[in-house]
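Just so you know, these numbers use all the heavy atoms, side chains as well, and skip hydrogens, waters and symmetry mates. Chain letters run A, B, ... following the sequence lines, proteins first and then strands; every chain starts at 1.
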4 protein chains.
Amino acid sequence: MARARALTPDVRRAQLLAAACRVLARKGYARASVSDIIREAGVARGTFYNYFESKQALFHAALVDLTAHIHGVVQPIDETADLPPQVLGNITRVVGAMLSSDEVVPLLNAVGHDEEADAVLRSFYADATARVAEALRRGQAIGVVRPGDPQLRACCLIGMVREPIFQAWLAGESLSADELVMEVLTFMSQGVLETG
Amino acid sequence: MARARALTPDVRRAQLLAAACRVLARKGYARASVSDIIREAGVARGTFYNYFESKQALFHAALVDLTAHIHGVVQPIDETADLPPQVLGNITRVVGAMLSSDEVVPLLNAVGHDEEADAVLRSFYADATARVAEALRRGQAIGVVRPGDPQLRACCLIGMVREPIFQAWLAGESLSADELVMEVLTFMSQGVLETG
Amino acid sequence: MARARALTPDVRRAQLLAAACRVLARKGYARASVSDIIREAGVARGTFYNYFESKQALFHAALVDLTAHIHGVVQPIDETADLPPQVLGNITRVVGAMLSSDEVVPLLNAVGHDEEADAVLRSFYADATARVAEALRRGQAIGVVRPGDPQLRACCLIGMVREPIFQAWLAGESLSADELVMEVLTFMSQGVLETG
Amino acid sequence: MARARALTPDVRRAQLLAAACRVLARKGYARASVSDIIREAGVARGTFYNYFESKQALFHAALVDLTAHIHGVVQPIDETADLPPQVLGNITRVVGAMLSSDEVVPLLNAVGHDEEADAVLRSFYADATARVAEALRRGQAIGVVRPGDPQLRACCLIGMVREPIFQAWLAGESLSADELVMEVLTFMSQGVLETG
DNA sequence: GATGAATGAGATTTCATTCAT
DNA sequence: GATGAATGAAATCTCATTCAT
């Protein structure tokens, strides 16, 4: 076989991570094998293990990367400025990040495959919920959010965003980020039932 | 060896399915092996294959059973009667069904493990969404639901219910069905933002 | 491939152990692979792992079996009877056990390959030394053994037996058990130097 | 990267050999990897193969060095001078050489790992035995050594020295060279049994 | 000469499935 | 029908060696 051109470790590592994400998106967590990944990356088996201690370590790294990226798009709320546009902006950016590539959704729904990966996802969701809950709590403090358990409400909000994305992926359909954001806003601001 | 009493096929099948569900709840889809299942059921390896073509077939059957059960708790809307209590009743019953046993949540989140199982889940979620969307559509027709894409809105509603249940399971915590139902109602009827 | 006749677990286990010993004798500890062992035993790869948790576990079991067997040929000393023939008998039986099959020597010299195996060998040699030392101590107590550190002397005696056996094996030559026993007796009773 | 200063081939070779010996002492023959050796020596992987054809070749060279060193401490017997002190001196020097460093014992017991290394050890032991046997033969000729097979007797003598050293190493204990030499002398000159 | 990224043959291990009893 | 020993394809992982720079 033609020997792959030697790269600096950082580059090769990133390449392997990217290849792994593509494979994960295509075959799913459970069916993605090291053989798939190295074929996708065009390197030899041993090369893989020069960069990751194990297949599990790779998946762990991929998830950590991904969740960090999503958290990264959230901007802290400036309480001295107008709130709604900031919240809207964050929702829009998160939805954008989740729809930005085909690889995000399957990874974020890959629960129950792997002890370590589950831990990463658990902390991702716990963290996201905690942030939203904190924002709600502040909103309640300044009287712009109705009373109610912030933790539970935060979960509902996350589900409201996550589920349409998840189902669109499951069905292989595309989803309009703008429409989703609008719908979430409707639920937040007035609900969907006409009130006499 | 101690030979298990010959049972009628249906009983044995049900016994295996129940054992499989318990194992799935305990170990998760990916880590449930045939050995686990037959140990739990107390039958020999070969016996398993007298009743299911493969491990995949068993999981498929378990999912079909489970999703049928959840669909079963939903009652058709009687449009001549008062709507809100019927909707409320259905939400309550679905939440109740999902919280009724430890086995439901892990199974409904077991995505990406298995081609066939994914198909079952896909159709479960598609079906659930379609039903809710249809209800919304009727609501819009008679003017009790605001305008908006029923499909997308249905997804949001399902996510609003599913996510808190999912996260509580992930965190190993319990969840109050009543509080969840109340919160969903709040989102539906008035939103969570105070309106000047 | 023709399916191997199903055996009771005990028999199959013993067969695998025996096959492993033959392979170890032929190829040495480091170069004996699971593939070699199953080829020798005529079973499939998976069958091996039905009986031993790992390759290491098999080697451990083989060593435990072997060392137990050698210890088993040693008979306790009856202090009310004549001592020399009893000692002579034990030496003869141990030498006999070590020469009884080609597999003993390579196994007893397989040091440094494997943490667990080393522990078995360590305790084998420690135990053997302790027994000989105890016999020497008793001999000193009743005045038939000269003064001197029993532990060290026991080691020397064991080496005196072990080394010729080891070297004969290394050179691929055979060794007369009787001559070895006689030589050891000479060293014990009078030494090899003529005394003026 | 930090490129090691180019050394003369002999120096570099010696440096690698020394590193290999340290690693061997620490991890044992079977667990010493090329990675360990180059890390210990502080050279790059490729450099290793500029000096040794293979890992096996390095171990071979290390053994040759070591065995040559041990043989080197043995002084030829001057038959015109008094014999016992010369024999005593040689035993003392050999024991001293074997105890001089932690690396000797594990290497001399590294049997069964490697075809070539086994050959080196085989010839080391054969040579040592031959020398001792020759000395015994001369002793018999001049009447200071009792009759008996010199070859077998030489093996016993070597075992008498080697075994205590081996066991002390196995147990991680230290050993007094003087006591060992004295004990060997006792076995040679009078045996350990009291004679009425 | 030195470097270290890349290699790949070969080892161990897993586990869903088969089939003789 | 029930049993459980046997199977083997396929997965993960190791590490001595190569070779372009």
Side-chain angles (χ1 to χ4, degrees), chain A residues 1-9 11-13 31-38 42-57, chain B residues 1-9 12 31-38 43-58, chain C residues 1-9 11-13 31-38 42-56 58, chain D residues 1-9 12 31-38 43-58:
Chain A
M1 252 255 181
R3 177 171 273 235
R5 166 175 267 275
L7 301 176
T8 62
V11 174
R12 179 67 77 198
R13 204 188 129 91
R31 287 181 293 280
S33 70
V34 172
S35 296
D36 293 324
I37 295 165
I38 63 175
V43 301
R45 198 162 284 275
T47 303
F48 176 88
Y49 287 95
N50 286 341
Y51 291 92
F52 296 95
E53 287 222 319
S54 63
K55 179 184 147 182
Q56 181 174 295
Chain B
M1 299 303 142
R3 180 169 279 234
R5 180 204 193 78
L7 300 174
T8 67
R12 189 44 45 99
R31 288 180 284 278
S33 68
V34 171
S35 293
D36 293 323
I37 295 164
I38 61 174
V43 301
R45 200 162 282 272
T47 304
F48 176 87
Y49 287 92
N50 285 340
Y51 290 90
F52 294 95
E53 282 225 318
S54 64
K55 177 183 148 181
Q56 200 178 105
L58 169 76
Chain C
M1 251 257 181
R3 177 170 273 236
R5 167 174 266 273
L7 301 177
T8 62
V11 173
R12 179 67 79 200
R13 206 189 128 90
R31 286 181 294 280
S33 69
V34 172
S35 296
D36 294 324
I37 294 165
I38 62 175
V43 300
R45 200 161 281 277
T47 302
F48 176 87
Y49 286 94
N50 286 341
Y51 292 92
F52 296 95
E53 286 222 319
S54 64
K55 178 184 146 181
Q56 182 174 291
L58 168 77
Chain D
M1 302 305 138
R3 181 169 278 234
R5 179 205 195 78
L7 300 174
T8 66
R12 191 38 50 97
R31 288 179 285 278
S33 69
V34 171
S35 294
D36 293 323
I37 295 164
I38 63 175
V43 301
R45 199 163 282 271
T47 305
F48 176 87
Y49 287 92
N50 286 338
Y51 290 91
F52 294 94
E53 282 226 319
S54 64
K55 179 183 146 182
Q56 199 178 107
L58 170 74

d([atom1], [X]; [atom2], [N]) in whole Å:
X	N	atom1	atom2	value
C/R31	E/dG10	CZ	P	16 Å
A/R13	E/dG4	CZ	P	19 Å
B/I38	F/dG4	CD1	C1'	8 Å
C/L58	E/dA11	CG	P	16 Å
A/I37	F/dC13	CD1	P	11 Å
D/F52	E/dG1	CZ	C1'	15 Å
D/Y51	F/dA16	OH	C1'	20 Å

Of all heavy-atom pairs between [X] and [Y], which one has the smallest distance, and what is that distance?
X	Y	answer
A/A4	A/R12	CB-NH2, 3.7 Å
D/K55	D/S33	NZ-CA, 4.4 Å
A/R31	A/D36	O-OD2, 3.3 Å

Is any side-chain heavy atom of D/Y51 closer than 4.5 Å to a side-chain heavy atom of D/V43?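 Result no, sub-4.5 Å side-chain heavy-atom pair not found.
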Indicate yes or no: at least one non-hydrogen side-chain atom of C/I37 is less than 4.5 angstrom from one of C/L58.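 Yes - at least one pair of side-chain heavy atoms lies under 4.5 Å apart.
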Using a cut-off of less than 4.0 Å, is there contact between a side-chain N or O of C/R5 and OP1 or OP2 of F/dA5?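 Answer is no, no contact under 4.0 Å.
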For the OG1 atom of C/T47 and the CZ atom of C/R45, what is their distance to the nearest 0.5 Å?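 Here the interatomic distance stands at 11.0 Å.
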Can you check nucleotides 12-15 of chain E for protein contacts, nitrogen or oxygen pairs under 3.5 Å, and list what you find?
residue	atom	partner	partner atom	Å
E/dT12	OP1	C/V34	N	3.4
E/dT12	OP1	C/K55	NZ	2.9
E/dT12	OP2	C/V34	N	3.0
E/dT13	OP2	C/Y49	OH	2.9
E/dT13	OP2	C/K55	N	3.0

Dot-bracket summary - DNA chain E, pairs being Watson-Crick or G-U whose distances fall under 3.5 Å, with | when paired to another strand: .||||||||||||||||||||
